[in-house]
Amino acid sequence: MTTIGAPLRRKEGLAKVTGRAVYLDDITRPGLLWGRTVRADVPGGRLERIDFAPGPPWDEIVVVTARDIPGRNVVPLIADDQPCLVARDIQHREEPVVLLAHADRQVLARAVAAIRLVVTPAPAVLSLAAATDVLSELTLERGDLAAGLAGADLVVDGTYETGAQEHLYIEPQAMLAEVGEDGALTVWGSLQCPYYVRPAVATVLGLPEDRVRVIQTTTGGGFGGKEEYPSMIACHAALLAVKARRPVKIVYERGEDMRATTKRHPSRTRHRVGVSRDGRLLALETEFVLDGGAYLTLSPVVLSRGVIHAPGPYRWPNLRIRGRVMRTSYPPHGAFRGFGAPQAIFALEVHLDRVARALGIDPVELRRRNLLRPGDVMATGQPVEPGVDPLAVLDRALDASGFAARRAACDASNTGVSAVKRGVGLATFFHGAGFTGAGESKLASEAALRLGADGRVEILASSAEIGQGAATTHAQIVSEALSVPYEMVSPAVVDTAVVPNSGPTVASRTVMVVGGLLAQAAREMVDRLRAQAGLPRPHTPADFAVAARAYTDAHGPLLTRARYSAPAGWQWDERTLTGEAYAAYAWACYVAEVAVDTRTGETEVTDFVAVQDVGRVVNPVTARGQVHGGVCQGLGFALYEDVVWQEGGMANARMTNYIVPTSADTPPIAVVFCQGEASPSKGLGELPMDGTAPAVVNALNAALGAEIARIPALPERVLQATLPA
């Protein structure tokens, strides 16, 4: 029975399109209260006191401040540096200070407006240039950089900048907390990582973890924005629920969500590349700097992925990548699809086109001469995996896009008098799937399967379905491994009281890592049924159902588990960033064509081709959807999505002036998967976010003869780039 590779209907699709899916805001509980947050309105200062103006019925309103926290006032993550509520020092605008709850949301709104925070302002750091406090730093080195630069025929410098990017998931952050009769706490929420939320809530409440239960509700998108931030809002709902002894629901309205939650780290990258006259890359010196905001959150792992991806899929005999995350007075930046790789890949791919122009050679040819090949070693010392040929991916993209003919047509068009100039550009890149280095071993993720007497199989994993198709692809993997119909396999509700810790739903690991564990658990289930219930070899679905009945009659439900273990010989040095960084890389080449109106600076992406090697595709419909969605999000990153900061806060925190691509802005997107069916599946979700922006900007620069190096490339920046020096 073959289900992998089939375009099967999504497990959760029918409930969503018929309106039966239950989101957090749909849930109610007896005696429910609504929660709100009062936030700092300065980017730095010292909280002196909290004034409560008369008017609201304060005796009816539940009020929580830092003094009411029964456990530790911290939201634990990599470092315990971010408080749940401000006790004294304010580090950024929008930092939570007071929590309120009431049954009537209008009363609650009046109460929020009646609270005045008396603050002594303190100096704020509102630019990377002014930042001096290093939150995290890493260096990746290979060869002799000084010798490589000294031996180069040409050295090309460039500086590149990327802005913050808002997740803008369809469903805003939302949590509901309730204390049971036994004093244990249950949290329902829109989230990606239930096993992040549980220890965070337990820490703040001073409870053992087994007294906190976290249940994922239908989640309307995440993109990383529901990785670490839900721990904060869950702690807030929990504190209110504990004090009120009633269930409390907090649902952010869109403006609050955009102002207060994490965003993609802004970046500044300085490249110095040494190259020979014939186009061989000899040396790379890079300074990669991220704006971390006020607290550490996940910045160290965002930085490590950015540094590792900064050299791209190329041979560099000599390099040094120095990465730093700097503290500023903005709300903390955090996880976002791509996790530092989009910033690094944008800078390198646009710089390589600059190098090609300086050499006077074709940017395609520059890449062709330097792409990693089978048998080569990456910058970390990891060999290119067998069966991978990045050059074949490049050639497939050039062929699928008709690159040479398309570029010639653009060049011919640009010789005329039209104010609209056309260009075509490309980016070649890779993305490592799973946690970096020893990260997966430290997680020690588990997944399990439960077999019922009727032959139905339940998937037990904490991987969250957030719209990416995880429930579907996992069911396909298990269905094929067990040789049972897809309809006989279903995911359990993600509930920490039911499912094991399979690790967070991040890092393009859901299919490759957790799917691999489920396949392992399925093989064990088949072996157990053969040994103890007479399952024949080979077996039909009917044979499986008979064996399931026999086993459960004799032993009860069958539960099989699998735990992650690193491949034999796997080695990784976190200090030097050397060794096997990722279990597998996905490889890609994206081609964009643009039309730019030189009178207005408006850019239209007129065509897009996305070619990738992601191994065996589990579900072609969901896989293409991942690429389409990632490319659209990448277009926003490249051209539209400009977070406007004002006094440390987001000034355009509404969907009328934070501009994202719509269907009218989206070109035809041709999606090509070019790996054979024998190859194992690799992570896909983040890959499309990496290559879209550099392909678009390279096309822009080709059209205009410009050197645009900062995104988003808004019309005013495009016009500025075309002005005479």
Side-chain angles (χ1 to χ4, degrees), residues 35-53 56 61-69 72-75 77 79-101 108-127 130-131 133 135 164 166 172-173 175 200 204 228-237 239-240 250 252-263 291-297 327-334 643-654:
R36 285 282 301 272
T37 310
V38 178
R39 303 180 180 278
D41 61 359
V42 295
R46 184 175 67 249
L47 179 66
E48 304 295 352
R49 68 178 190 274
I50 303 168
D51 289 344
F52 296 81
I61 298 168
V62 182
V63 179
V64 169
T65 68
R67 294 179 180 179
D68 298 300
I69 294 176
R72 297 171 56 217
N73 184 13
V74 66
V75 181
L77 200 58
D80 292 352
D81 66 334
Q82 183 171 200
C84 180
L85 292 170
V86 168
R88 186 169 177 81
D89 294 326
I90 294 170
Q91 302 294 345
H92 68 85
R93 201 179 192 105
E94 309 299 340
E95 194 157 19
V97 182
V98 184
L99 305 174
L100 304 175
L108 198 56
R110 292 200 303 271
V112 170
I115 290 179
R116 177 172 173 262
L117 305 179
V118 180
V119 175
T120 299
V125 178
L126 299 178
S127 71
D133 187 1
L135 290 171
E166 163 63 30
Q173 300 278 349
M175 287 283 170
V204 169
E228 76 269 36
Y229 194 86
S231 296
M232 175 72 79
I233 185 174
C235 289
H236 292 170
L239 286 167
L240 286 167
I250 300 177
Y252 286 176
E253 54 87 20
R254 182 64 66 181
E256 181 180 21
D257 194 298
M258 294 176 74
R259 290 189 301 270
T261 63
T262 58
K263 293 172 178 48
D291 180 343
Y295 296 109
L296 190 68
T297 65
R327 186 193 303 275
T328 62
S329 301
Y330 293 107
H333 300 299
V643 174
V644 179
W645 298 109
Q646 192 172 73
E647 295 300 317
M650 185 177 180
N652 58 330
R654 55 187 64 85

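Bear in mind that the values here come from a model prediction, so they are computed numbers and not experimental data.
Atoms CD1 and CG, on Ile61 and Leu240 in that order, are 11.5 Å from each other to the nearest 0.5 Å. For the atom pair Leu77 CG and Ser231 OG, the distance stands at 7.0 Å (nearest 0.5 Å). Taking OG1 from Thr261 and NE2 from His333, the interatomic distance works out to 11.0 Å, rounded to the nearest 0.5 Å. Rounding to the nearest 0.5 angstrom, the gap separating the CG atom in Asp89 from the CZ atom in Arg46 is 8.0 Å. For the atom pair CD1 of Ile50 and CZ of Arg67, the computed distance is 7.5 Å after rounding to the nearest 0.5 Å. Here Leu85 contributes atom CG and Met232 contributes atom CE; the two are 8.0 Å apart, rounded to the nearest 0.5 Å.
Looking at every heavy atom in both residues, Val204 comes nearest to Val74 through CG2-O, 3.3 Å. Here the closest heavy-atom approach between residue Ala200 and residue Cys235 is recorded as O-SG, 3.6 Å. Minimum interatomic distance between Gly334 and Thr262 (heavy atoms only, all atoms of both residues): N-CB, 3.6 Å.
Remark: Glu228 pairs with no residue by the salt bridge (Lys or Arg N to Asp or Glu O under 4.0 Å) rule, at least two apart or across chains. With sequence neighbours excluded, the residues forming a salt bridge (Lys or Arg N to Asp or Glu O under 4.0 Å) with Arg327 are Asp133, listed by chain and number. A search for side chain to side chain contact (heavy atoms under 4.5 Å, CB included) contacts involving Ala122 returns nothing, not counting sequence neighbours. Contacts of Arg254 classified as side-chain hydrogen bond (donor to acceptor under 3.5 Å, both in side chains), with partners at least two apart in sequence or in another chain: none. Residues passing the salt bridge (Lys or Arg N to Asp or Glu O under 4.0 Å) test with Arg654: none are found, sequence neighbours excluded. Asp68 pairs by the salt bridge (Lys or Arg N to Asp or Glu O under 4.0 Å) definition with Lys243, not counting sequence neighbours. Checked against side-chain hydrogen bond (donor to acceptor under 3.5 Å, both in side chains), Tyr330 has no partners two or more places apart in sequence or in another chain. Every residue meeting the side-chain hydrogen bond (donor to acceptor under 3.5 Å, both in side chains) condition with Asp80, not counting sequence neighbours, appears here in chain and number order: Arg72. Residues satisfying the side chain to side chain contact (heavy atoms under 4.5 Å, CB included) criterion with Ala237, sequence neighbours excluded, are Met175, Ala177, Ile250. Here Glu166 pairs with Lys263 under the side-chain hydrogen bond (donor to acceptor under 3.5 Å, both in side chains) rule; sequence neighbours left out.
No side-chain heavy atom of Tyr295 sits under 4.5 Å from any side-chain heavy atom of Val75. Leu99 is listed as a side-chain neighbour of Thr37, based on a closest heavy-atom distance under 4.5 Å. In this structure, the side chains of His92 and Pro43 stay at 4.5 Å or more apart for every pair of heavy atoms. With contacts defined as side-chain heavy-atom distances shorter than 4.5 Å, the pair Glu256/Pro172 does not qualify.
Looking at Arg93, its side chain does come within 3.5 Å of a backbone N or O of Asp41 through a donor-acceptor pair. Side-chain atoms of His236 never come within 3.5 Å of backbone atoms of Arg36 as a donor-acceptor pair (strictly under, hydrogens ignored).
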Which pairs of donor and acceptor atoms, one on a side chain in residues 643-651, lie under 3.5 Å apart (sequence neighbours left out)?
none

Going by atom type alone, with no hydrogens or angles, which donor-acceptor pairs under 3.5 Å involve a side-chain atom of residues 108-120 and a protein atom two or more places apart or on another chain?
residue, atom, partner, partner atom, Å
Arg116, NH1, Asp51, OD2, 3.4
Thr120, OG1, Glu48, OE2, 2.7

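In this structure, Glu253 pairs ionically with Arg259, as a charged nitrogen and a carboxylate oxygen lie closer than 4.0 Å.
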